[in-house]
Structures are given as structure tokens and as C-alpha cells.
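Please read the structure below before turning to the comments.
What you are looking at is a predicted structure, and each value in this text was computed from that prediction instead of being measured. Numbered from 1 within each chain, the chains take letters A, B, ... in sequence-line order.
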Amino acid sequence: MLIRTHTCGQLRDAHVGQTVRLNGWVNAYRDHGRLIFIDMRDRTGVSQVVFDPETGAGAAVMEAADRLRNEDVIAAEGTVRVRIGGENPKLATGKVEVVCTKLEVLNKTENPPFLPEDPGAGGKLPNEELRLKHRYIDLRRPRMQQILGVRHKVYQSTRRYFDENGFLEIETPILYKSTPEGAREFLVPSRHLPGNWFALPQSPQLFKQILMVAGVDRYMQICRCFRDEDPRADRQAEFTQVDLEMSFVCRERVMEMMEGFVRRLWKDVAGVDVPAIQRMGYREAMERFGIDRPDTRYGLEIADISEVAARSEVGFFKEALAKGADLPRFNSGRGVVKAIRVPGGAERLTRKITDGYNEFVRGFGAGGCAVVKVNAAGELETGIARLLQSVKAGVVTALGLKPGDTVLFVADVYSTCTKALGELRQAVARDMGLVPRPGAEGGPWNFLIVVDFPMFERDKETGRWIAMHHPFTAPRDDQAEAFVNADPSDAVTIESIVSAGYDIVVNGQEIAGGSIRIHAPRVQSKVFQLLGMTPEQAKEKFSFLLEALSYGAPPHGGIAFGLDRLVMNFVGTGNIRDVIAFPKTQIGQDLMTGAPGPVTEEQLREVHARALVPPRA
RNA sequence: GGGGCGGUAGCUCAAUUGGUUAGAGUACCGGACUGUCGAUCCGGUGGUUGCGGGUUCGAGUCCCGUCCGCCUCGCCA
């Protein structure tokens, strides 16, 4: 075999005159009869190889070259020279070409179902189903190779940073114990213990805490996590986290460490200097932006106008405000009226668009979205304008209205109203063209750390308390006493306790979340009690953790970054499948390997399991 | 589990109100061609219109079911 001396993306005019050998795929062929051009591709780039009988290509070489087709795997030997036909500015190697004297066809290809080409202007990729089935071809595309490279850089930068900061990389089990809190789990039957099952970890949470008890002090891992829930464009059942945990730290120290990591990563991978990251409380985020991961690159903040709305003649305002009127102001069940002022919306947001908003907020459980426009004379128009007339001055002042504005109103209980407007705000920002493209295209990266989350929220169906982050999250230092002493039936107090948790948000997307953990058994027991677990149940589920905590657990805390989402940001895609080498579809299938697939009766017997339904064909 | 969009040649798409033999570009096959780089020119092969049923004289088109892909709500401690 003619083993390569250079890669296909390497040749420059400095190589002119050298004899080189290239290995790669036929990216394109242009056959002029007695003159043939082949573009050879490997992951580094493309080089043009010329076959010309007058410059050393014998009859056999010409004949073989004539038969080359896209995606054949070849080796070519020849001399580098400046291109006779002029430079091709589209290629990094475009100044030179290889005049081929020897050609070896390493492997002919079947006619491929599609060619691994990035879509040019107006071009389209073959549909994703086909590309997933033949992932090995799709991954040959320069874009996919680039993404694999960026992901590699993220791994390397991550390991360097945490190594420099004294973290030990430690692997934790993939065959794990089922912890029925949280996401649905993937199960694996045990052969040795009939009737018993492993679960694949939703995260290494408990192991990393136990590593702290074990004196590891600083742990990190780039680990696979599994959650058997329906995917989204940015979610996959099997995904990767940068997981870390630190001992003898307060919340501030962990946030410093993770901020340092973000700064290093963005510098290494994107060449961006990240400024000091702003902090924002959960309550403030929800009030101003209606979401716990606000995108603060644009305004469109949400205003609570309940007070003035109560004096209006709008029936559904009053109806909403009557709900839970006796509850504290931020209680999820209290009725409120909120609005977003959209500067310039009167012109850009057409009736068709705002009708869409009405449907949009209904999707989040709100009754609808009222729309009022401010005309050039400063008068309110359309929708409920007439019913607001009596409180017009109050509305104008509360929202700072100006001519040309559109105002979007939602009235409902606090949780629904906030959620609906938080989602609507993002949709409006897109429609108004307010969302910059991040990163290389020039838009800013907008980082935010959100803190002071509530410890608990109500389960929407059962009304029971559930942990907002997870049941091992500690209350904020100054809240610990109040928490331990709180009466479990005192809902107002329970709801007011905030945790020592923190999320990192970039451009409105959560990329990391963590907390200081509970290291005191009495605090942990209190959490379990609130979650409705008896001491016996808690022991049954988490005895190993409780036991570990009782044998000298240091104060500790940590965080986990969603690595796939980090890579998505760096490469500018909204599709998580783009950044995973072998991703799964919406129903969790791997279209290339055909997983999941049936197993034999014998295999089932060995693990003491039986199928309730036959495998689907 | 709910809602939406889609599935026609290997690929990307078209096909008027339900109406002639389902077309085009590209890929592939054959031929021509000495400077291309989306090579060009000539010719050709290629179809269970995802699958199953129904309505109709007649279905790619309408109806029902189903499978698959994507987006999304729920879900994701």
C-alpha cells in the first residue's frame, strides 16, 4: 500500500516539487477523457490530484483513474506543483495539485445512498433518518468532522482545567442502584440475584458525594448519564455531563471554580474572554423574565400590573385576581395580571402573529393573551383597550408605554401567568428579531448564574412537596435553622426556604446546575420527611448515603455541566444529535445498529426475565 | 399520553379540481471530451407514491388505521 506522507488538507506551495503520497476518499471526479481530476478528501481537507498521460500517468493508471467514483478509497503518489489551471480559492490547498504517477484503489465503494457534502447555498441535506442510518457516511462531512474536533477540544480543555485545580478524575458505576426519585430509569436485570435489577445512573450524584466522604476532596468525571424520558431538540436519553464535586467549600467557592471553568473553556474552544458573570436570584429572574434561565440579551421584561388591573373593567382580570387573593404575593396559586411591553410592536406584530400568541399561551395553560396597541397619538387601541380606558394613565405609567408599542397581557394564577409570559417573551423576541446569533457571528455570549432557588415546590398532580433540584441539596446557610425547625404543615414557610443551589445560564439556556449538599444527617432526614418519606423508606432507598454522611462527612458541593449543550453552543447548532457521534431518535432507537432489538429466550432465562409482549418486527 | 409538520426514483423535489404512460435535477450505467474545480455534451437504467384498508368508473391526491422521522406540550429529582 502507498502509505501517506501527507494529509489531504496539508499541501501548500511550500510543498511544490516534493513527491508525496495521499490516502483518502474520492470527493469528486472531473473526467476530461485524457485528463482527469480527482479531489481527494480526508478529515483534514481536500487536495486535487491530476491524471495526465503526458506527465507520468501510464495507461494502467489512466484506466484505473477513469473508473474512480465518489467515495472510493484510494492512495495516490505524485509530485506537487502549482496548479496550471489557476488557483481554487475555495480550498486551503487550492494553490497546488498532485500530478499522479501511481494510483492504488484501496477499496471500491458501493454506490452510496448519499454523498457526505455539507449543504452549499440553497442546498439541502438528505433527510435525517437516512443520515442516521448511514451515520458513518454522514460523519465524513466536513461539518461533522469539525464538530467532532470541537467536542474533543472540550474534553481536553475540561481535563486540563480540573487537573490544574487539583481534581481527581474517577469513574463511577454505570450499573447502579435504582433511585425511584426523579427521571424514569433504564433497567438492567441481574443474573446472579434473580428478580433484582440495576438501573443506569441519571447522574453519579450519590457516588460523588460519597467520594467526598471518602476524602477525595475534589472529584471530576466526564460521564454518561441516562434518563428514559422523551427527548427534545436539545435533549437525548443518553447524554454526557462534566460532573464535579468539592469538599470544604461554601457556595461562593464552587461558583468561583465553575466560573473559572467557563472562562477557560470559552477561551480554549471559542477564543472568547468571558467577563465576570452576573448573579441573579431565582425570584428576580421569575419576576422580570418569567423563567429560571432568563435570556438577558434583550429587554421585553415582564411587569406585574395586578394593582392597576384590579381597578380596570376587564372581567377576566378581575376573575384571575380573585383567585388565591388571601395567599402571599408570590404564592404560585395567587391570581396576578402581568404584561410585556413590546417597543415597536404595533407595526411589526401583525394581527396574525398576535393571534398566534393567544394560542401560544394557551399551550402553557393560560386562558389567553390580550393585545393592546398604542397608536401615534398615544391612545390605546384594539382588544381590551376600551375596558382599560378608566385606568389608562395607570397602565401607561406602570408599563412606561410609548406610541408604537404593543402590550401583551396575561391574567392567571402566579405560576401559570409567569410561565406563559416567560415563554411568550422569548417567542416575541424571535419575532421582533431581537435575538442575536451567538459566538462567531458576532453576537455576545450572555452568561448568568441563577441562585436562591426554592428548596421545594408542589407536585402539580398530587400537591405533595418535591425537591426542586434534588433531595440532597442543602438550604442556604442562613436558612438552615428555620428549615430544620419548620412545621411540615406550614406551607408558607416551607415554600420560602431557598437552597444553596446554582445554575449557569448562557443565552437563555441552562448549561450547568449544582448545589451545596446536605452533610448533616438531621437536615437530610428533615428533607426526606418533607418529601413524604418515612425514616424507614428513606433508609431503604438511601441507607448507604445516610450511613456515609454519619461517618464524618465534610461539607461539600458540586455541579454538573451538560457537555452536549456546551458543544452545541460552540458549534452553533440547536440539534443535539449533531454533537453526538451516534445519537438516537425520538423513540430511542439507533437507526444504524437497530438497537434496541429482540433477545433470545435463552438470554431472558439467564437473567430471570420474561417478555410480556413479542418484539415488534 | 396530547398537538403539529413530513414520508413520491439511490438522493433533493414536482405532479392543476380525484383523470392520459407519475416528471425534473442529481447520483448511477454507456459514450464523447487535454485545465477542470457544482466540469461540459449525448444517450440510458431506475417507481409497491412508507405500510394496510376504504370511498370511487378512476386515488400520489379524499377517508380510516398503522409505522417511521422531526418539532412541541406533558415528562426530564
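Contact annotation: A/R69 side-chain N/O to B/C29 OP1/OP2 distance is under 4.0 Å. Contact check, A/Y29 against B/C28: a side-chain N or O comes under 4.0 Å of OP1 or OP2. Distances shown here put every side-chain N or O of A/Q202 at or beyond 4.0 Å from the OP1 or OP2 atom of B/C76. Look at A/R41 and you won't find any side-chain N or O under 4.0 angstrom from OP1 or OP2 of B/C37. Of the side-chain N and O atoms in A/K90, one or more sit less than 4.0 angstrom from OP1 or OP2 of B/G38. The phosphate of B/C70 has neither OP1 nor OP2 within less than 4.0 Å of any side-chain N or O from A/N127. An OP1 or OP2 oxygen of B/C76 is reached within less than 4.0 angstrom by no side-chain nitrogen or oxygen of A/R227. Phosphate proximity of B/G69 to A/Q589: present, with a side-chain N or O under 4.0 Å from OP1 or OP2.
Proximity of the aromatic rings of A/Y176 and A/F207 is defined here by a centroid distance below 6.0 angstrom, and this criterion is met. Taking the six-membered ring for Trp and the full ring otherwise, the centers of A/F542 and A/F528 sit less than 6.0 Å from each other.
Nearer the 5' end of RNA chain B, as judged by each residue's closest nucleotide, is the contact made by A/L130, out of A/I84 and A/L130.
Side-chain atoms of A/M40 and A/V26, non-hydrogen and from C-beta on, never get closer than 4.5 Å to each other.
As judged by a 4.0 angstrom heavy-atom cut-off over every strand, A/P471 is placed among the base-contacting residues. Within 4.0 Å (heavy atoms only), A/G86 reaches at least one base atom of the nucleic acid. Residue-level contact check: A/E128 touches the backbone only, with heavy atoms under 4.0 Å from sugar-phosphate atoms and none from bases. The residue A/K541 sits apart from the nucleic acid: no heavy atom pair falls under 4.0 Å. Note on A/T473: nothing from the nucleic acid sits closer than 4.0 angstrom, heavy atoms only.
Remark: ring of A/F114 not stacked against base of B/C11; the cut-offs of centroid gap under 5.5 Å and plane tilt under 30° are not jointly satisfied. An aromatic stacking contact links A/H32 with the base of B/A39, defined here by ring centres under 5.5 Å apart and ring planes under 30° from parallel.
Side-chain to base pairing of A/R81 with B/G35: one donor and one acceptor N or O lie within less than 3.5 Å of each other. A donor-acceptor contact under 3.5 Å is not formed by the side chain of A/N111 with the base of B/C28. A/R83 contributes a side-chain N or O that forms a donor-acceptor pair with the base of B/C37 under 3.5 Å. Between the side chain of A/R30 and the base of B/G38 there is no donor-acceptor pair of N/O atoms closer than 3.5 Å.
Summarising the base pairing, B/C75 is matched to no nucleotide, lacking a Watson-Crick or G-U wobble pair whose two defining distances lie under 3.5 Å. Of all nucleotides present, only B/C5 satisfies the Watson-Crick or G-U wobble test against B/G69, with each distance under 3.5 Å. Remark: B/A24 base-pairs with B/U12. Criterion, Watson-Crick or G-U wobble with two distances under 3.5 Å. B/U40 is paired with B/A32 under the criterion used here, namely a Watson-Crick or G-U wobble arrangement in which both key atom distances are under 3.5 Å. Checking B/U55 for Watson-Crick or G-U wobble geometry (two distances, each under 3.5 Å) identifies no partner in any strand.
Comparing B/G74, B/U36, B/U34 against the side chain of A/R232 picks out B/G74 as the nearest.
Between B/G50 and B/C68, the two C1' atoms lie 8 Å apart (nearest whole Å). As rounded to the nearest Å, B/G35 and B/U40 have C1' atoms that lie 13 Å from one another.
The shortest heavy-atom contact between A/G365 and A/D412 is O-OD2, 3.8 Å.
Note: A/H134 and A/Y136 have perpendicular aromatic rings, judged against thresholds of 30 and 60 degrees for the angle between ring planes.
The side chain to side chain contact (heavy atoms under 4.5 Å, CB included) check on A/Q145 picks up A/R43, with sequence neighbours excluded.
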